[in-house]
Structure formats: C-alpha cells, structure tokens
Amino acid sequence: MIARLKGPTDIEGFKRKARLLLKRDIRPDEVLWQSGDGQPGLWADEGFFTDVEPSMPFSVPAWIAPLCESALLHGDPGRFHLLYKLLWRLVSKRDQVLRHDELDADRRAAVQLAREVGREIHKMRAFVRFFPHGEGEALRHIAWFEPEHHVVEANGPFFVRRFAQMRWAIFTPERSIEWDGDRLSSGPGVDRSGLPPVDPGAALWLTYYENIFNPARLKLAMMTKEMPRRYWKNLPEAALIAPLTAQAAQRSEAMVAAEPTPARRIKPIRQKQS
Amino acid sequence: MELQRKLAILADAAKYDASCASSGSSPRDSLGGRGIGSTEGMGICHSYAPDGRCISLLKVLLTNHCQYDCLYCINRASSNVARARFRVDEVVDLTLNFYRRNCIEGLFLSSGIVKSPDYTMEQVVEVARVLREEHDFRGYIHLKTIPDASEELLALAGRYADRLSINIELPTVAGLQALAPEKDAAGIERSMGRLRLHIDAAREESRPRAPRVMPGAAPKVAVAPRFAPAGQSTQMIVGADASDDRSILATSAALYSKHRMRRVYYSAFSPIPDASRALPLQAPPLVREHRLYQADWLIRFYGFEHQEIVQGDSGLLRLDVDPKLAWALAHPARFPVDLNSAPRELLLRVPGLGAGSVDKLLQARRVRRLRAEDLRALRVSPAKVLPFVSVDGHKAGTAPQQSAPAPRQQELFA
C-alpha cells in the first residue's frame, strides 16, 4: 500500500495517515511512504485514506510527538517508515520496553535523525548571512543558504523573533521564506544566480574575523568540526581561512623570536586609592 | 583614524579573553519592540576562527590605551602595540551592523584603563545604555567590569548587561602581585562578591509571586529589576606564572562556590606581539589548558571534589590521559563498576561515560538488563569503558595499569 504525503515536510499528513493505518493494524512493511510532489501514482491507494471518522486516540508516550516533529524534517527517505514502525510497535505491539528504553535500535535511529535535524536548524541560525539590499522603503536584508535537511520553514519563527523589526528573506534551493514586518510567508526555492551580489559592507566583518584569530593557537580540526566545509561557500569569512592558516606558523614564530622592544613610554601609574 | 583600522587594532587587543559565550540569559525577543535582537537560552556560535574558537560576540576593547602595566597583557602601558580608541557610537553601529547581518549574538565589551576606573567604566556602560535604550537592542551584552569601579556604575552595568565578568587573571595573589602590580586581588574579590549579591537579589526578586492587590487598583505583579541574568564569569591565565594545576583548581572551586561563577575560563598564556622579557615566550600550553577545562567539568557536573582530581605529587594534571581516566587508573580498587547496579555517582566516575550516557543507561535498566552492546548503542568507546565495568556479556577485567609518565610543563622564565 502506498501512503502519499503532500510534500517532504507534511508532518500533519503523516500523523493522519499513520493513525488510520494503526487503526487497521497495518504492518510497517506493508506501507510504502511517498513524499514527492508528483501526480498520484498508479498504485496509490487513496481510497484507503478517505476514512474521516474520528479515530480512537492512541496512548503513546510523550517522547514520540516531538521526535516525529523533528525527525520527519530529515532528508532521509526512510524516515516515514522508521517513525511509523516506532508508532506501530508502541500501539499495535504494546511494546513496554520500547516505551522506556532509549537504547532501542529503532528509537536510536530516529533520535539520530532528530539530532541531525536539530543540528542543522542550529547551524542555519548560526550561518545564515544577511546582507542589505535596496534603500529606504525598499530596504530588505536577504540571505542565501543551502541546508542539508528540510529545516527552512521550521526556522522561520526564530528569525521573526530575532528580526521582527526588519524586512528580510532567506532563499534556498528548495524553499524560501520572507518576513515583511507583519507576516511570514513561504514560497518555492530559487536559483542562486538570480540573487544580487553581496554588498561591500561585509568588509568590516572580514576585518574583525581576521583580527580576532590568534595565530599562536591554530586548531583547524576543531574549527572544521564545528563549521564543516560544506558551509564555507556561503560564509564570506571562510575565504580568509586558507591565508590566515598559511601565515599562522610564521606569525607566531615571529612573535616568539622577536626581541622585546624598549618601552616607548610608561605612563605614570595612578595612585591607588585606599 | 579609519574605522577599519580601529576595528583591526581593538579586536586584536581583545582576543586574549577566552570567553565568547552567549548562553544562559533570560529569554526575550524583538516582537513588539523598536529594535532587533533575541536570546533564547542556548548560545549560538556564528563562526569559528582557525584557532577553533567560537565567534559568538563582537569582542572588542573600547580602547587599548591602558595605564596599567600587567606583564602578560598585550595592552600594558609599556607595550609598543598600536593604540586606538572607539567612540561610543562606533561600537554601537558596529554591533548593530554585524547583528543585522546575523554574524553575532551581541557584544562583549572590555577596555583598557584610561584616566580612572570610574571614567573607563562609565564609557563601557554608556555603550550598553545606548544599545539598550536608544536602539532597544535585545541581543546579548557581556561587559567586562573594571575592578574598583563605583557601586553605582556596577549596578548600571548589571541593568544593561546579560553577563558581567572580572578577570581574576592569576590563580594566586602572589602571582597577581608579581605580574600585575597595579591590580589589587582583594579589590577583584570584593567586586565579585558585590556582583554575586546583586545577581542573587535580582534572581530572588524575579521569582513568580502572587499579584498584589491594592484597594482601587488593578492587581499588579512587581517587575523585578534586571541584573546580569546570565551571571558572572572570570578568566585565569595558565602558564604565565608558576602556579600548579592543583592550586588553579582550588581557586576555581572557590570561585564557583563563593561567587557562584557561571564559568571560569582558562587561557593558556600565548605569545603576544611585543612581549615582556619577564615571561615565557613559547607556544601556549594548549593541552594543559584542555585538561584544566576537563577537570573543571568534573567538578561542576560529575561530582568530583577539586582536591581529588590532581594525582601524584607534581601538582599537575597528566597531559597524556584525561583527568577522569587518570583518577580511575589511580583508584583501581573502585573498579569494575557494575553497570546494572551501581548508583549514578559511581557510573559518573567511569572513564568514557558522559552524564547523558549515564542517564540513558539508568533509564534503560529500569525495564531490562544492560548488555555490553548497549555501550555501542550509546556511541561511547567500548575499548575505553569496558576495562572499568562489568555488564552482561562482558566479564569484568582488571583495569589496565598504566604507569604515569611524569607530567611535563613548559619551562618557566626560561
């Protein structure tokens, strides 16, 4: 049986269909989840899901709902199957151990998806870079970002809370979100080539990045762990990483080798108040 | 002087402060306000420099002119570094500009001491005031407090800032006297004590309480005066004087309990341009710094007492193994720990098991027996953990005896 969703982030649709499937005790292996935006396929069994009568509420542990909300934003095509399998084990199989066991393999796999989604949401909050475009009334802050999972819309409210008094838009290949000062709207993805170039005001930020770096403490592995290379192409400061790294050893050796220079001046030391 | 140049000098002057945290403040956002900014508890690192350090805040000095001559400091009076000074509006504009670009969570402002501690503190507080009152900025502000500044300025700083900090600089009073003759250890201690009183009072006040009803007036809940909701922190320089790790950790433990620090930062003394002849000009002791952070973690989250962390007579942490493993190797009689029955405090002592993993194990063993495979499920290193535990599917071995090579520290005053 094919369960078709409206799109990759159709969590409501997943919940509705899962409820109907569980009610009839359909095994996870019998369901093929599809989340593409294409036409209903030949095998889509839409008739099955037209059941609109309110279904009995199932008793599920509190951890499953937030896990669904988050893990289902992952890019892994197997996520719907995995989450349905967890629900089925809890509801149909009444798996009491699973309820409490965080080390269960399926649950761990789902938690791992949720963790990766959470990390991508966090990294998007960190690495989106706005630049101003237009003037006066037309001023908007725009950004281009390429997230790994389907997190763009989930992050909209965060940027609204932070930049409520700005007008801004975040464009990605898959989805775009925009805030006009009153309303958050979302639309289809765009092609990067259609965006205006970054303004020169970013130069101050580059100056800051260059000078806050301490060449005596080069730790590239630590940096790439927290700021993986795949983000670099959209971070203006990342262009400085190679030159700063190349000069680091020489700069810190020079600091060590340099003879201390005689003090140019020593100001009189303020008398300590007692 | 051109703004680019000032920023270059004053960011360079600020980088020896390790802290860039933007976490732990009271949640707020810009909805319904006039300006921008939010904090939601969790800090965000907007970038990382090639030194592996998080860039979360615009970390600059208001000026690097300084009357003090602290030997370890790049900005000391006798240093020949280039000097610059920001105007208040320049720092405000830079902060807002970077914030709008989503490059930072806020501002970390410090300053060299010019004219007097009060004059300097006034300027620092003025930047925060303009950001908060004129621009309704709701992002994170960390202000470095100038020791000896007046009580009124301290109170004002706490009203605008999320976090305040005063650097203790060196672990011992003698070290401070030797290297920073103008700084006064008692004064630093006093200021930390005052900050704690303010922070505690504001926290007490902000507890939810029943609305007060006065005759003829609508019920009203008193609004607590704000004071540095993200608490205070401090920094100690490691490797600039002869203090050993045992005394450093003792000082940290006292700072955590006495002044309720949120964080003590350890900063490996790093070569600076135009350094003083009196200090070790060598690569910073980064591994030692890392071990101190691990030890600090054990004190704060793993129930270790500061006295039990440093093994042996050298007073130094082992550099070759982490302090938890070092403790376990020095106490073979306490192992193996039975994963299926040991209490939380003991599980926390097992090398390789983090606090999160321990809680998952405790949760799982309420409904079933734990097996050796569960360690793999936790994504901990079985090779690291198994020698110290017994669990179904694994026969308790004896903990490997590793002889401790003598810790090496860089030469002092070579």
Side-chain angles (χ1 to χ4, degrees), chain A residues 96-97 100-103 105 108 122 125-132 141 143 160-166 201-205 207-223 226-227 235 237 241 244-245 248 252 255-256 258 260-261 263-264 266-267 269-270 272-273, chain B residues 3-4 7-8 11-12 14-15 29-38 44-52 54-55 58-59 67 69 77-80 94 97-98 100-103 116 148 182 184 270-277 281-284 286 360 363-364 366-368 374 377-378:
Chain A
Q96 288 305 311
V97 173
H100 300 285
D101 184 6
E102 289 186 57
L103 302 177
R108 225 165 5 91
H122 185 76
R125 293 173 181 186
F127 298 148
V128 154
R129 290 286 185 269
F130 286 114
F131 60 92
H141 278 76
V160 170
R161 290 193 296 277
R162 173 152 291 197
F163 299 112
Q165 312 310 323
M166 260 165 51
L204 280 167
W205 171 243
T207 300
Y208 178 66
Y209 185 83
E210 211 172 330
N211 286 283
I212 203 69
F213 163 59
N214 183 352
R217 302 179 54 108
L218 193 65
K219 275 189 183 175
L220 278 177
M222 180 70 124
M223 178 191 72
E226 297 297 338
M227 193 166 79
L235 292 169
E237 65 270 27
I241 293 171
L244 286 176
T245 305
S252 58
M255 280 191 280
V256 172
T261 46
R264 210 164 34 194
I266 299 185
K267 288 190 181 172
I269 289 161
R270 185 185 52 92
K272 237 184 250 175
Q273 294 145 351
Chain B
L3 187 60
Q4 290 274 3
L7 178 60
D12 187 70
K15 69 181 161 208
D29 58 45
S30 62
L31 293 171
R34 290 176 290 120
I36 49 172
S38 61
I44 299 176
C45 292
H46 285 273
S47 195
Y48 287 82
D51 51 24
C54 154
I55 300 177
L58 168 63
K59 183 161 51 174
Q67 292 180 347
D69 203 34
S78 61
S79 156
N80 286 298
L94 274 174
N97 175 2
F98 287 3
R100 278 189 211 104
R101 289 172 184 275
N102 200 41
C103 291
S116 72
D148 305 330
E182 291 93 10
D184 167 20
S270 164
I272 49 175
D274 196 33
S276 160
R277 206 183 284 270
L281 257 184
Q282 298 183 9
L286 295 181
K360 288 199 182 83
Q363 183 71 21
R366 285 168 52 194
V367 287
R368 63 174 175 82
D374 289 321
L378 279 172

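Bear in mind the structure is a predicted one, so any value in this text is a computation, not a measurement. Each chain gets a letter, A, B and so on, in the order its sequence line appears, and its residues count up from 1.
Arg162(A) CZ to Asp29(B) CG: the interatomic distance, rounded to the nearest 0.5 Å, is 10.0 Å.
If you measure heavy-atom distances from Leu218(A) to chain B, the contacts under 4.5 Å come from both the backbone and the side chain. If you measure heavy-atom distances from His141(A) to chain B, the contacts under 4.5 Å come from the side chain alone. For Arg368(B), the part lying under 4.5 angstrom from a heavy atom of chain A is the side chain only. Only the side chain of Leu94(B) comes within contact range of chain A, with heavy atoms under 4.5 Å apart. For chain B, the nearby part of Glu237(A) is the side chain; its heavy atoms alone come within less than 4.5 Å. Of the two parts of Ala143(A), neither the backbone nor the side chain holds a non-hydrogen atom closer than 4.5 Å to a non-hydrogen atom of chain B. Residue Ala221(A): no heavy atom, backbone or side chain, is found under 4.5 Å from chain B.
In this structure, a donor-acceptor pair under 3.5 Å is absent between the side chains of Gln165(A) and Ser30(B).
Between Arg125(A) and His46(B), the shortest heavy-atom contact is O-CE1, 3.4 Å. Of all the heavy atoms in Asp51(B) and Ile212(A), the pair that sits closest is OD2-O, 4.0 Å. Shortest non-hydrogen contact noted between Arg108(A) and Ala377(B) is CD-O, 3.0 Å. What you find for Lys15(B) and Pro215(A) is that their closest heavy atoms are NZ-CD, 4.2 Å. Taking every heavy atom of both residues into account, Ala164(A) and Leu31(B) meet most closely at CB-CD2, 3.8 Å.
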Q: With side-chain contact (heavy atoms from CB on, under 4.5 Å) as the test, would you mind laying out the steps for His122(A) and Ile44(B) before giving the verdict?
A: CA-CA 8 Å; His122(A) 185 76; Ile44(B) 299 176; 3.8 Å; yes

Q: Before giving the answer on side-chain contact (heavy atoms from CB on, under 4.5 Å), spell out for Asn211(A) and Leu7(B) the whole-Å C-alpha distance, their side-chain angles and the decisive distance to 0.1 Å.
A: CA-CA 8 Å; Asn211(A) 286 283; Leu7(B) 178 60; over 6 Å; no

Q. Does the side-chain contact (heavy atoms from CB on, under 4.5 Å) test come out yes or no for Asp101(A) and Gln363(B), once each step is laid out?
A. CA-CA 7 Å; Asp101(A) 184 6; Gln363(B) 183 71 21; over 6 Å; no

Q) Step by step, would you call Ile55(B) with Phe213(A) a side-chain contact (heavy atoms from CB on, under 4.5 Å)? A) CA-CA 10 Å; Ile55(B) 300 177; Phe213(A) 163 59; over 6 Å; no

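Remark: the backbone N or O of Lys59(B) is paired with a side-chain donor or acceptor of Tyr208(A) at under 3.5 angstrom. With hydrogens and angles ignored, the 3.5 Å screen pairs a side-chain donor or acceptor of Tyr209(A) with a backbone N or O of Tyr48(B). Counting only distance, with no hydrogens or angles, the side chain of Arg129(A) and the backbone of Asn102(B) share a donor-acceptor pair below 3.5 Å.
Options Met222(A), Met223(A), Glu102(A) differ in how many heavy-atom pairs under 4.5 Å they form with chain B, and the most are formed by Met223(A). Of the listed residues (Val97(A), Leu220(A), Leu204(A)), the greatest number of heavy-atom pairs within a distance under 4.5 Å of chain B belongs to Leu204(A). Here Thr207(A) is the residue among Thr245(A), Val160(A), Thr207(A) with the most heavy-atom pairs under 4.5 Å with chain B. Note: Cys103(B) leads Cys103(B), Ser270(B), Ala49(B) in heavy-atom pairs under 4.5 Å with chain A. Interface check for chain A: of the options Cys45(B), Ala14(B), Cys54(B), Gly33(B), the most heavy-atom pairs under 4.5 Å are formed by Gly33(B). The residue among Ser252(A), Ala105(A), Ala248(A), Ala203(A) with the most heavy atom pairs within less than 4.5 Å of chain B is Ala203(A). Residue with the most contacts toward chain A among Ala8(B), Ala11(B), Ala364(B), Gly32(B): Ala8(B) (heavy-atom pairs, distance under 4.5 Å). Counting heavy-atom pairs under 4.5 Å between each of Glu210(A), Met166(A), Glu226(A), Gln96(A) and chain B puts Glu226(A) at the top. Counting heavy-atom pairs closer than 4.5 Å to chain A, the top residue among Leu378(B), Asn97(B), Ile36(B) is Ile36(B).
Leu103(A) is listed as a side-chain neighbour of Lys360(B), based on a closest heavy-atom distance under 4.5 Å. A heavy-atom distance below 4.5 Å is found between the side chains of Arg101(B) and Pro132(A).
Counted within 6.0 Å of CE on Met255(A), heavy atoms from surrounding residues, nucleotides or ligands total more than 12; the atom is thus considered enclosed.
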